[in-house]
Amino acid sequence: MTICWPDHLFLVGCGNMAGQMLARWLDCGLDPARVTVLRPSGRSVADGVAVVMTYPATLPAGTTILLGMKPYQIADVATALAPLCGADVRIVSILAGTPIADLRARFPAVRDMVRAMPNLPVGLGEGVTALFADDRTSVQAKADIGGLIEPLGLAEWIGDEALFNQVTALSGCGPAFLFRFIDALARAGEALGIPADQAARMALATVQGSASMAARASDSPGVLADRVASPGGMTREGMNVLDADDRLLALLTDTLAAARDRGEAMARGA
Ligand SMILES: NC(=O)C1=CN([C@@H]2O[C@H](COP(=O)(O)OP(=O)(O)OC[C@H]3O[C@@H](n4cnc5c(N)ncnc54)[C@H](O)[C@@H]3O)[C@@H](O)[C@H]2O)C=CC1
Ligand SMILES: O=C(O)[C@@H]1CCC=N1
């Protein structure tokens, strides 16, 4: 994999999410000397990566900024950062519920902007990142930023930004929902009498093995589920509970809709 690294990468915030992205980029050969992280704590990030606690006077030419702080901090960050941004600067924002139009209003000199929604497994190169750019962002910038995202796992360009909160709910929030599922599977096993530590190990390995299998299979997960279920057997009885009145589907639809609605409220400033 040949990656066209930015001349300079300036991370505003480097917590759970941006930290995973940076870790993967460094693993894939990004020179740490090209990276500066702004974080109020000043704590070091990785060998060779510069950490600053306040904004520098200027940004190096050809800087790509990764906005990785909390969404509600955008007003303060933009007040300090926008004066440093010329037309050669590119912005990648991972701020949930923050539309490109909002960023454009705050960074008027910047032409190339990409809205990205990664998820935590990007640190392993097994994440999902949704991407959106409007027509002002150049084709070259889209290609370069797409290339930067590629080593993080699956990258999906979203044609219509109106869907961004929906994809955030699915893949950005998704790991949390899956972690809950693993936990619930283990606790359900425990409720049926399996020792807790054993149930936890078995639930995790079952999900891991099934996800790997589904990723390699030519059949859909729905078909694979039926293949586990022998007619008249145990799995069918269990699936009947999940499937009754589309119970699992309804639960997940409600879950994604609640997350989407929160993204829409955040976009309105709530
Ligand atoms: N956690 C996740 O799974 C995902 C998070 N995101 C987005 O990533 C962003 C960060 O979320 P997390 O990493 O979970 O939060 P976090 O709390 O772990 O990280 C936030 C970082 O921002 C820094 N920070 C705080 N105040 C700052 C300031 N005034 N200026 C610059 N940096 C400041 C903190 O030191 C910290 O490093 C959010 O915008 C969120 O919507 C997007 C996708 C998934
Ligand atoms: O909870 C949040 O708002 C962010 C968006 C996706 C994952 N974390």
Side-chain angles (χ1 to χ4, degrees), residues 9-25 35-46 49-56 59 63 65-85 91-100 102-103 106-107 113-132 145 148-149 152-156 158 161 163-181 252 255-270:
L9 192 57
F10 184 74
L11 276 72
V12 183
C14 191
N16 290 316
M17 191 61 252
Q20 291 298 311
M21 298 171 82
L22 179 59
R24 177 65 182 166
W25 286 327
V35 184
T36 302
V37 169
L38 172 79
R39 51 169 16 183
S41 69
R43 268 185 302 117
S44 76
V45 170
V49 170
V51 175
V52 296
M53 294 164 71
T54 55
Y55 289 88
L59 293 172
T63 293
I65 295 171
L66 179 73
L67 295 176
M69 68 294 168
K70 294 291 190 189
Y72 70 84
Q73 294 170 319
I74 184 62
D76 290 347
V77 167
T79 299
L81 189 58
L84 310 183
C85 296
I91 292 181
V92 179
S93 165
I94 63 168
L95 310 180
T98 308
I100 283 274
D102 185 2
L103 299 172
R106 296 181 191 281
F107 296 93
M113 286 185 184
V114 170
R115 184 175 177 188
M117 184 46 58
N119 66 12
L120 284 180
V122 297
L124 304 170
E126 295 180 26
V128 176
T129 306
L131 297 163
F132 173 79
I145 292 168
L148 184 63
I149 297 299
L152 305 183
L154 176 68
E156 291 278 342
I158 307 302
E161 192 182 14
L163 280 177
F164 217 80
N165 290 317
Q166 285 83 328
V167 297
T168 298
L170 180 86
S171 61
C173 310
F177 307 148
L178 263 303
F179 296 144
R180 269 281 195 278
F181 177 85
L252 288 176
T255 301
L256 298 200
R260 174 206 59 200
D261 291 351
R262 178 62 193 140
E264 288 174 3
M266 287 162 72
R268 293 192 301 272

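Note that the structure is predicted; figures quoted are calculated from it, not measured. Note that ligands are numbered from 1 as they come in the structure, with each ligand's atoms numbered from 1 the same way. Heads up: numbering here begins at 1 and tracks the sequence.
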Would you mind telling me if ligand 1 is within reach of the side chain of C14, the backbone, both or neither, using heavy atoms under 4.0 Å? backbone
Here the atoms of ligand 2 under 4.0 Å from any heavy atom belonging to A96 are 3 (O), 5 (C)
What part of M17 sits under 4.0 Å from ligand 1 if we count only heavy atoms: the side chain, the backbone, both or neither? both
Give a yes/no verdict on whether any heavy atom in D76 is under 4.0 Å from an atom of ligand 1. no
Just to confirm my output: which protein heavy-atom neighbour is closest to atom 7 (C) of ligand 2, and how far is it? G172 O, 3.5 Å
Using a 3.5 Å cut-off on N or O atoms only, is A18 in polar contact with ligand 1? no
Look at the side chain of R106 and the backbone N and O of A82, then say whether any donor-acceptor pair between them is shorter than 3.5 Å. no
I94: numbered ligand 1 atoms lying under 4.0 Å from its heavy atoms: 6 (N), 7 (C), 8 (O), 39 (O), 40 (C), 41 (O), 42 (C)
Checking heavy atoms under 4.0 Å, the part of N16 that sits near ligand 1 is both
I'd like to check M21 versus L11 (side-chain heavy atoms, cut-off strictly below 4.5 Å). Are they in contact? no
Considering only the protein, which heavy-atom contact is closest to atom 10 (C) of ligand 1, and what is its distance? G68 O, 3.2 Å
for atom 30 (N) of ligand 1, nearest protein heavy atom and its distance come out as V77 CG2, 4.0 Å
Parallel, tilted or perpendicular: rings of F164 and F132 (30°, 60°): perpendicular
